[in-house]
Amino acid sequence: MFWKMVRGILFRQRGKMFMIAFTVALGISLVTAMLNVMLGVGDKINRELKTYGANINVVPKDASLLDDLYGISDGAGVDDKYLEEEDAPKVKQIFWGFNVVNFAPCLSLWADSPDLGGQTRVRGVWIDKQMELPTGEEISAGIKDMKSWWHIEGDWLKDTDEKSLLLGSLLAGKHGLKVGDQVSLALGDRKELFKIKGIINAGGDEDKEIFMPLKEAQNLAGLEGKISAIEVSALTTPDNDLARKASQNPDSLTPSEYETWYCTAYVSSICYQIQEVVTDSVAKPVRQVAESEGTVLAKTQFLMMMITVLSSIGSALGISNLITNSVIERSQEIGLIKALGGRDIRIVLLILTEILLTGLFGGAIGYAAGLGFTQIIGLTVFDATIPPAVMVVPIDVVVLLAVILIGSIPAIRYLLKLKPTEVLHGR
């Protein structure tokens, strides 16, 4: 009898039940989409931010001391204190090597150039270096991907190019130079003539500098195999109290805290591990970049969480109105059931069963629609698909039950106060 009544009500009030299912589906679709994006968006946001430069700078220990004292951060000006170029690939072999998405060793020099009005900053770098790690992994590293926002008039350099360079746009404009012209550079007793292969427009200090393949800069300076810094671009986890404590002094951590910190991709943890593998180095986070990444990620996730909460509240309010109207329309039927001896708990269970079945139907549709919205957001914003997170399913079920129960409260309160004698007499 109970299930016959449920079936009868679902068919008699199919219009209202459809609206309830639609309201639930809309809410669950938004919850599903936002949760899947929130759980899968972290690495994608980080990878998007990685296109705007490195967030870790590795320099010799003596250069780090000069940075602290005088703000010299790239190793230039430290006599006979360099890192080894052969150590650079080791940044990909640390515990969090998979999170290191790019790196570029650099040799920073000051060269004299009569064509450019005197002393000019020269940077020898990897452009797009292809290599195979001892693990068998094949990677490419260099500034071509790391500085993807640079606009190059002419052509990008190659690591195999000889006597070629990229010239900053401010230098080129000041001295009337263009692609194809030649520039003389002298360092000590060495003097070479280089061809301008491209002109950089980066919107920063790079527009006042010269870039060339690392090997060419090493030959010019007579520093084969030496580098002054390594720029590292890594995916990181936003700092918390543990990360800040560790960044001040890792030795102050308890064994449990140390294990948690070391095995989490904090920028301080990655820096510490880089120092372990690169001889006589100090790895420092570029705070403006590292902290911005954490802030952007935290605010994006907070925004998605707020959308999830507000959509759930909206669904509960919509369901509340629909259920209450349904109960009011059936007040005489409910009054008759009460007059015949039906208990309040049984009537409440009847109402909740109807709404639950309708809600489950709407929730299933909403979950499928939410998966579609997730992929639309992923492809539109991040140009990549976002895999569904398994943990979203139980969260959706909890949200669905909460929305139905909260939305049913006004109707249940009305039902409990309903008096059979009044409704059966039309009052």
Side-chain angles (χ1 to χ4, degrees), residues 38-47 49-50 53-69 73 75 81 83-84 86-105 133-137 139 141 227 229-302 305 389-391:
M38 185 175 69
L39 293 171
V41 78
D43 281 355
K44 289 179 173 56
I45 287 180
N46 266 325
R47 288 186 184 277
L49 292 171
K50 288 287 99 42
N55 55 354
I56 296 173
N57 198 32
V58 187
V59 297
K61 286 182 178 179
D62 287 3
S64 176
L65 178 60
L66 284 179
D67 181 26
D68 294 336
L69 294 176
S73 60
K81 300 298 179 183
L83 300 175
E84 298 294 332
E86 63 184 17
D87 284 343
K90 292 179 181 179
V91 302
K92 280 289 290 181
Q93 299 172 41
I94 62 173
F95 180 83
W96 284 107
F98 182 76
N99 281 45
V100 175
V101 295
N102 204 344
F103 62 97
L133 299 178
T135 59
E137 179 186 1
I139 63 170
I227 56 176
I230 307 171
E231 293 186 32
V232 180
S233 183
L235 304 178
T236 60
T237 298
D239 280 355
N240 56 13
D241 291 338
L242 175 62
R244 285 185 282 271
K245 179 181 177 181
S247 64
Q248 295 174 0
N249 182 13
D251 294 334
S252 67
L253 302 179
T254 66
S256 176
E257 288 176 333
Y258 180 86
E259 183 178 357
T260 300
W261 169 72
Y262 195 89
C263 296
T264 305
Y266 299 121
V267 67
S268 57
S269 173
I270 294 176
C271 286
Y272 184 80
Q273 293 172 31
I274 289 174
Q275 291 175 185
E276 290 181 319
V277 298
V278 179
T279 306
D280 293 329
S281 70
V282 172
K284 291 187 174 183
V286 181
R287 283 295 173 189
Q288 298 95 322
V289 177
E291 291 178 2
S292 295
E293 291 170 358
T295 300
V296 170
L297 180 58
K299 288 184 177 180
T300 302
Q301 291 179 332
F302 176 75
M305 182 59 71
V390 176
M391 66 179 297

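Because the structure is predicted, anything quoted here is derived from the model rather than measured.
- From Ile270, atom CD1 reaches atom CD of Gln273 across 7.0 Å, with rounding to the nearest 0.5 Å.
- Note that the OG atom of Ser247 and the CG atom of Asp239 stand 6.5 Å from one another [nearest 0.5 Å].
- Using a distance-only test at 3.5 Å, with no hydrogens or angles considered, no donor-acceptor pair links the side chain of Glu231 to the main chain of Asn102.
- Residues Ala265 and Asn99 share a closest heavy-atom pair of CB-ND2, 3.6 Å.
- Between Lys92 and Ile139, some side-chain heavy-atom pair lies under the 4.5 Å cut-off.
- Remark: side-chain polar atoms of Asn55 are paired, donor with acceptor, to backbone N or O of Ala234 under 3.5 angstrom.
- Here the straight-line distance linking atom NZ of Lys90 with atom CG of Leu133 works out to 12.5 Å at 0.5 Å rounding.
- At least one donor-acceptor pair under 3.5 Å links the side chain of Gln275 to the backbone N or O of Ala283.
- When all heavy atoms of Glu86 and Pro89 are compared, the pair lying nearest together is O-CD, 3.4 Å.
- Here the OG1 atom belonging to Thr264 is positioned 6.5 Å from the CH2 atom belonging to Trp96, to the nearest 0.5 angstrom.
- Taking the six-membered ring where the residue is Trp, Tyr272 and Tyr258 present perpendicular rings, their angle passing 60° and hence far from 30°.
- Atom CD1 in Ile274 sits 10.0 Å away from atom CG in Asn57 (nearest 0.5 Å).
- For the atom pair CD1 (Ile56) and SG (Cys271), the distance works out to 4.0 Å, reported to the nearest 0.5 Å.
- Judged by distance alone, the side chain of Lys245 and the main-chain N or O of Leu253 form no donor-acceptor pair under 3.5 Å.
- Side-chain contact between Phe98 and Leu235 is absent, with no heavy-atom pair separated by less than 4.5 Å.
- Among Ser268, Ser256, Ser269, the one residue that satisfies the side-chain hydrogen bond (donor to acceptor under 3.5 Å, both in side chains) test with Trp261 is Ser268.
- Legend: salt bridge (Lys or Arg N to Asp or Glu O under 4.0 Å) pairs involving residues 260-281, not counting sequence neighbours: none detected.
- Residues Thr260 and Glu257 form no side-chain contact, since every pair of their non-hydrogen atoms from C-beta on lies 4.5 Å or further apart.
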